[in-house]
There are 2 protein chains.
Amino acid sequence: MSYSIAEAARRSGLSIDTLRYYERIKLLEPPARDTAGRRAYSEEDLAWLSFLTKLRTTGMPIRRMREYATLRRRGLASAGRRKAILVEQRGAVAERIAELQSSLEILDYKIDNYERIEQGAPLPREASA
Amino acid sequence: MSYSIAEAARRSGLSIDTLRYYERIKLLEPPARDTAGRRAYSEEDLAWLSFLTKLRTTGMPIRRMREYATLRRRGLASAGRRKAILVEQRGAVAERIAELQSSLEILDYKIDNYERIEQGAPLPREASA
DNA sequence: AGTTGACCTGGAGTGCGCTCCAGGTCGTAC
DNA sequence: GTACGACCTGGAGCGCACTCCAGGTCAACT
């Protein structure tokens, strides 16, 4: 079974333009083509795309995904370096989560202040609100 | 007490260029000037800058921060709308945390696979690794 | 009086990650 | 045989958040 670019876009959640863009910048290996020269994505292509979109969600820059993609093409021998990239990214994600959690507290605090203002309480000392 | 732009940069963690940029785009009210026309940031300016950098950490786009900054200039009457912005941002941050947490799990799973490969285990079925 | 260094302005340039466009080719439906 | 719609290519354009630069002013130090 293979998929047109429109289908691949639908399934991956990426736009058609983005799929072609990812191919240009070598995030994707060029998919097969049908007799008319149109792209025909395989299940495997879609699995890779799905993984890529997950990496993107982690905030990994395209440059780094490209590195990973290149290593992947080199096969098993590159497994160690691919793992290292994922481990590094896991660290970055954990840090970002911590950062967001602490900014959540700040937001809560500020929102609280606004609620007190609504209830007619005095303004907080700091004027940065 | 007031601070030179270099001091303000050091204290806020922003670059001098970014401070001038934020002023240009109206995220900051123009700070006072000394007799030579150089910017002199007040404590209050720094407090606002510190809050801005926190909003930035939450991933709030500058456009939205500008909106907040504009409302702030309107004073107490705008408190409700400012609160709404913060509440919305809190929601966005919570969502982003959830997203990152689920991608952490995916990373863990992938890293696990690589560890099994290192131990000579068979490759996972899916080829997207 | 001259040099230094921090600052000033207006404007151009950068890297990222897409997104859009013009002009063209195919296969299918009428 | 022609109209349509999906696809193709190469390349330009865009929004974001800075970052850098040239050319100039000013106060302080030697």
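No hydrogens, no waters, no symmetry mates; every other heavy atom, side chains included, goes into these values. Within every chain, numbering begins at 1; the chains are lettered A, B, ... in the order of the sequence lines, protein sequences first and strands thereafter. This structure is a prediction, so every number in the text was calculated from the model and none was measured.
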Please determine whether a side-chain nitrogen or oxygen atom of [X] lies at a distance below 4.0 Å from atom OP1 or OP2 of [N].
X        : N       : answer
Arg39(B) : dC7(C)  : no
Thr18(B) : dT19(D) : yes
Tyr22(A) : dC18(C) : yes
Ser4(A)  : dC7(D)  : yes

- Query: Contact class for Thr35(B) vs. all strands (heavy atom < 4.0 Å): base, sugar-phosphate, or nothing?
  - Reply: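 No contact at all - Thr35(B) keeps every heavy atom at 4.0 Å or more from the nucleic acid.
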
- Describe the nucleic acid contact of Arg20(B) in one word from base, sugar-phosphate, nothing, applying a heavy-atom distance below 4.0 Å. base

Could you tell me how far apart [X] ([atom1]) and [N] ([atom2]) are, to the nearest whole angstrom?
X        : N       : atom1 : atom2 : answer
Glu67(B) : dC16(D) : CD    : P     : 13 Å
Arg63(A) : dG17(C) : CZ    : P     : 7 Å
Arg38(A) : dG27(C) : CZ    : P     : 7 Å
Arg24(B) : dT9(C)  : CZ    : P     : 10 Å
Tyr21(B) : dT14(C) : OH    : C1'   : 13 Å
Glu7(A)  : dG5(D)  : CD    : P     : 19 Å
Ile25(B) : dA17(D) : CD1   : P     : 8 Å
Glu23(B) : dA17(D) : CD    : P     : 18 Å

- Message: Show the nearest heavy-atom pair for residues Leu27(A) and Arg66(A), with the distance to one decimal.
- Response: CD2-N, 3.5 Å

Answer yes when [X] and [Y] have at least one side-chain N-carboxylate O distance shorter than 4.0 Å, and no when they do not.
X        : Y        : value
Glu67(B) : Arg81(B) : no
Arg10(A) : Glu7(A)  : yes
Glu23(A) : Arg39(A) : yes

- Task: Would you mind telling me which residue lines up with the more 5' stretch of DNA chain C, Arg33(B) or Arg56(A), judged by nearest nucleotide?
- Result: Arg33(B)

- Message: Go nucleotide by nucleotide along DNA chain D from the 5' end; which of Asp17(B) and Pro61(B) gets its closest nucleotide reached first?
- Response: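 Counting from the 5' end, the first nearest nucleotide belongs to Pro61(B).
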
- Message: Heavy atoms from C-beta onward define the side chain here; which of dA17(D), dC20(C), dC26(D) lies closest to that of Ile62(B)?
- Response: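 Per side-chain heavy atoms of Ile62(B), the pick is dA17(D).
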
- Task: Among dC8(D), dG27(C), dC8(C), find the nucleotide with the atom closest to the side chain of Ala36(A).
- Result: dG27(C)

- Message: Using ring centroids (six-membered ring only for Trp), state whether Phe51(B) and Tyr68(B) fall under 6.0 Å.
- Response: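 For Tyr68(B) and Phe51(B), the ring centres are under 6.0 Å apart.
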
